[in-house]
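Nothing here was measured: the structure is a model prediction, and the numbers come from that model.
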Amino acid sequence: MNSVKPLKLIDTVDWASLSHAYGPATDVPDLLRDLLSHDAEAGQAALDELCGSILHQGSVYDATIACVPILLAAVADPEVPGRATLVTLLAAIGDGDGIEDGFGELARHRLGEGAGLFLRLLADPNPLARAAAVDALRSCREQSGMIIPDLRQRLPEEPDPEIRRQLVKAAADLAPYAPDTTTVKTWLADTALHAPDRDVRMTALDGLVYWAPQALPVGVIPAASAWEPDDWERVRALSEALSDRIAERIELVTGLLSDPDRDRRAMAIFPAEALIAGWRADYRKLVELIGAQLAHPDAGLAALSAVALLHMEGLAAPATDALAAYVAATPRVGRPRFDQPLGWIVTFPDHPPLLGIAVTALARLRDPRALPALRWALEREEMPLDIGDVVGGMGPLAAELVPAVRHRLRDAPQAHRAGLVNGLGAIGEVAADAVPDLIALSDGDALAVTALGRMGAAAREAAPTLRRLLNHQGPGMALAAATALWRIEADPGPFLAVSRRLLAAAGSGGLDDTGHVAAELAELGPAAAPLADRLRSLLDAPLPVVRVRAAEALWRATGEVEATLPVLLDAWQESPPARVSAARVFGEMGPAAVRAEPAVRAELARARRYDNTGAGFTTGTISTDEALLSACSQALSQMTSA
């Protein structure tokens, strides 16, 4: 074949009827002639023009498709100069997207006509031509069954290490379109484990991760140990691809966290955090290893580790001592940056300060060593916005901070007040000295009323105020007052009266949150029996959360199993967030709830957390899932007890 044929092909096309990025393709014939000429300068200029018109920003047009047979003919002609460049252009066309529907696929279809030509070029002495041919073959999807065996055969013969990597990449890209995917998966798995080239192994591994994660071979973690310190995305992708293979995922991140290289340690933090958030396992050793990073001299690695521990909630307990040491050694004031130690508080130029991540994580673990930092933050002129909720999270251990909280409550900006009030309620009866402060706020603040109730009998002096609020026109305030009064005096009368009124209003459209009323009624136990009929009417409410709360309240009020157990079982399947409450009721029912045993056993056997349907982070919280596991274990014990 000589160079005349591609030039003749140019004249067979009605270019005026075709378009590219800038309109009619009437300039394409002359550009193609220049491209195929022996004038290097003119050829380069033509290539630049064509890339900007028939392949503008990766888009292909009908003129682009018309160019493909001409370019293929030119590549097949040994007398045409710069054939490697032409193959590179064809490969780019194969990667392009159609400016109109179907153009991209049509371009790849036409490109596939040259698959045999590209395969012959794999043995070309010019490495640029070989590399371009491999790139072009990636788009020949319809010929994948023919191409992949040739790519495999060429791999041990190819002298250039980068082209060897590209051969595996092309095979992996074509694999989903191959008629025999099983053979390709087996080959990629073997290549990932045993190929002598690090880049070839990693490319084969990438192919499996993104195309066939279920085919990842056993023993892949040691094979992946050759990752470079900046392969963040590869680590994340492999960890997610391993999915329920938890032991291997732990092996991956623990190996990286033990590496001497700082960057290798750092790129394990996010995959470890995602694993713990979404899957159930014994993570104590892994958490200890993450905690050990807090002592690393690199501030960024320590900060990443502190963030991960914060997100792990109670599962961060094995790192408590490491957190306490980190907090003791860090400055009091920090900036929202990860290239320096995190402070006790973090200040912002246009936002109130927040408690530091490590201090918050330590406080969530209810460790007394967080108290000095919290006290200092409370006494600071501009206290952190989240100080109240974090102090409250420590429960009775924060009793010594109550005087400081009371003092700040008197002068706190509105933005801080809700957190301080909630914090006092969470501290509980040991915060009884704050009852007068909360009474003063209670007329217009349902949160203050709720906080009084959480203090129980220690808030008895608030009873007259709460009785006045029972007839409050706001249903939320009335219910809060009734609940608080019940918790303080243990007299169900006012609570029942308010609940009856609110449920009646709900029946006529006056109150939507019937589930909230039912949830509070569940606290009364048998004392809620006078409202059993109303609770039964809620067992077929539209929302599963309302049905579950009504069933829970009705069971505790009357002990009715046949009316409530089916509701709880249906909600178990329909709404995973309802499972914690349902499991607790199953445990209370004991052997009477034996029909729930298969569901409870299935939940305990799951590798994934209750709300995890795939890889990555979940939508709920670790603490909720851990509570579910605990409730299921207790329920199973009670249901199967003699």
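Atom CZ of Arg460 and atom CD1 of Ile488 lie 8.0 Å apart (nearest 0.5 Å). To the nearest 0.5 Å, atom CG of residue Leu452 and atom CG of residue Leu424 are 9.5 Å apart. Here the CG atom belonging to Leu362 is positioned 9.0 Å from the CG atom belonging to Leu371, to the nearest 0.5 angstrom. With rounding to the nearest 0.5 Å, the separation of CZ in Arg417 from CG in Asp411 is 9.5 Å. In this structure, the separation between CG on Leu378 and CG on Leu409 is 11.0 Å, given to the nearest 0.5 Å. In this structure, Glu273 CD and Leu304 CG are separated by 9.5 Å, a value rounded to the nearest 0.5 Å.
Taking every heavy atom of both residues into account, Pro492 and Ala527 meet most closely at CB-CB, 3.8 Å. Taking all atoms of both residues into account, the shortest heavy-atom contact from Ala272 to Ile290 is CB-CD1, 4.0 Å. Of all heavy-atom pairs between Ala522 and Arg556, the closest is O-CD, 3.4 Å. Taking each heavy atom of Ile387 and Ala377 in turn, the nearest pair found is CD1-CB, 4.0 Å. Nearest heavy atoms, Ala319 versus Gly291: CB-CA, 3.8 Å. Nearest heavy-atom pair, Glu382 versus Pro352, reported as atom, atom and distance to 0.1 Å: OE2-CA, 4.0 Å.
Not one N or O on the side chain of Ser239 forms a donor-acceptor pair closer than 3.5 Å with the backbone of Arg236. Within the 3.5 Å criterion, the main-chain N or O of Ile250 finds a donor-acceptor partner in the side chain of Thr254. The backbone N or O of Phe495 sits less than 3.5 Å from a side-chain atom of Ser499, completing a donor-acceptor pair. The backbone N or O of Gly587 sits nowhere less than 3.5 Å from a side-chain atom of Gln634 that would complete a donor-acceptor pair. At distances below 3.5 Å, at least one donor-acceptor pair connects side-chain atoms of Arg249 with backbone N or O atoms of Ser243. Side chain of Trp344 to backbone of Val327: a donor-acceptor contact under 3.5 angstrom is found. Under a 3.5 Å cut-off, the side chain of Asp611 and the backbone N or O of Pro576 do not form any donor-acceptor pair. For Tyr326 (side chain) and Ala306 (main-chain N/O), no donor-acceptor pair under 3.5 Å exists by modelled atom type. In terms of modelled atom types and a separation under 3.5 Å, the side chain of Ser442 and the main chain of Ile439 share a donor-acceptor contact.
Listed by first then second residue, pairs satisfying salt bridge (charged side-chain N to carboxylate O under 4.0 Å, His left out) with a partner in residues 349-366 number zero, not counting sequence neighbours. Within the structure, salt bridge (charged side-chain N to carboxylate O under 4.0 Å, His left out) contacts touching residues 462-482 (residues at least two apart or in different chains) are Arg467-Glu489.
Because its NZ or CZ atom is not both nearer than 6.0 Å to the ring centre of Trp279 and within 45° of the ring axis, Arg609 does not count as a cation-pi partner of that residue.
You'll find the side chain of Leu323 reaches within 4.5 Å of the side chain of Leu294, heavy atoms only. Looking at Leu374 and Met394, their side chains come closer than 4.5 Å, going by heavy atoms from C-beta outward. Looking only at side-chain heavy atoms (C-beta outward), Asn471 and Arg501 come within less than 4.5 Å of each other. Contact of the Val548 side chain with the Val567 side chain is not registered, since no non-hydrogen atoms from C-beta on lie closer than 4.5 Å. Residues Leu385 and His416 are in side-chain contact: their nearest non-hydrogen atoms beyond the backbone lie under 4.5 Å apart. When side chains are defined from C-beta on, Trp555 does not count as touching Glu560, because their heavy atoms never get closer than 4.5 Å. Within the 4.5 Å cutoff, side-chain heavy atoms of Thr624 are placed close to those of Tyr610. Contact check for Leu604 versus Ser633: side-chain heavy atoms found under the 4.5 Å cut-off.
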* For Leu521 and Leu531, what are the C-alpha separation, side-chain angles and deciding distance, and is it a side-chain contact (heavy atoms from CB on, under 4.5 Å)? -> CA-CA 9 Å; Leu521 281 171; Leu531 293 180; 3.8 Å; yes
Run the side-chain contact (heavy atoms from CB on, under 4.5 Å) test on Val333 and Val346 for me, step by step, so that the C-alpha distance in whole Å, both residues' side-chain angles and the decisive distance to 0.1 Å come before the verdict.
CA-CA 6 Å; Val333 179; Val346 180; over 6 Å; no
* Asked: side-chain contact (heavy atoms from CB on, under 4.5 Å) between Leu485 and Val498: does it pass, once the steps are laid out?
  -> CA-CA 11 Å; Leu485 198 58; Val498 170; over 6 Å; no
Item to check | Steps toward side-chain contact (heavy atoms from CB on, under 4.5 Å) verdict (Val585, Leu565) | outcome: CA-CA 9 Å; Val585 175; Leu565 183 58; over 6 Å; no
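The existence of a salt bridge linking Glu520 and Arg487 is confirmed by a sub-4.0 Å separation between a basic side-chain nitrogen and an acidic carboxylate oxygen. A salt bridge is defined here as a Lys NZ or Arg NE, NH1 or NH2 lying under 4.0 Å from an Asp or Glu carboxylate O, and Glu400 with Arg375 meets this definition. Between Arg601 and Glu597, at least one side-chain N (NZ, or NE/NH1/NH2) sits under 4.0 Å from a carboxylate O, which counts as a salt bridge. Between Arg284 and Glu288, none of the side-chain N atoms (NZ, or NE/NH1/NH2) sits under 4.0 Å from a carboxylate O, so this pair counts as no salt bridge. The pair Arg595-Glu562 counts as a salt bridge, with a side-chain nitrogen and a carboxylate oxygen less than 4.0 angstrom apart. Ion pairing between a basic and an acidic side chain is recognised when a charged N comes within 4.0 Å of a carboxylate O; Arg547 and Asp570 show no such pairing.
Arg406 meets the side chain to side chain contact (heavy atoms under 4.5 Å, CB included) test with Val402, Arg410, Asp433, Ala434, Asp437; sequence neighbours excluded. Under the side chain to side chain contact (heavy atoms under 4.5 Å, CB included) criterion, Glu429 pairs with Ala458, not counting sequence neighbours. Residues passing the side chain to side chain contact (heavy atoms under 4.5 Å, CB included) test with Ala299 are Pro341, sequence neighbours excluded. Ala532 is linked by a side chain to side chain contact (heavy atoms under 4.5 Å, CB included) to Arg536, Leu554, Thr558, counting only residues two or more places apart in sequence or in another chain.
Ring pair Trp232/Phe270 is tilted by interplanar angle, where 30° to 60° counts as tilted.
Judged purely by distance below 3.5 Å, without hydrogens or angles, the side chains of Arg584 and Ser581 never pair a donor atom with an acceptor atom. Side-chain atoms of Thr347 and Arg335 include a donor-acceptor pair closer than 3.5 Å.
A distance below 6.0 Å separates the ring centres of Trp572 and Phe586.
Looking at Arg606, Arg608, Arg280, Arg579 one by one, the single match for side-chain hydrogen bond (donor to acceptor under 3.5 Å, both in side chains) with Asp625 turns out to be Arg280.
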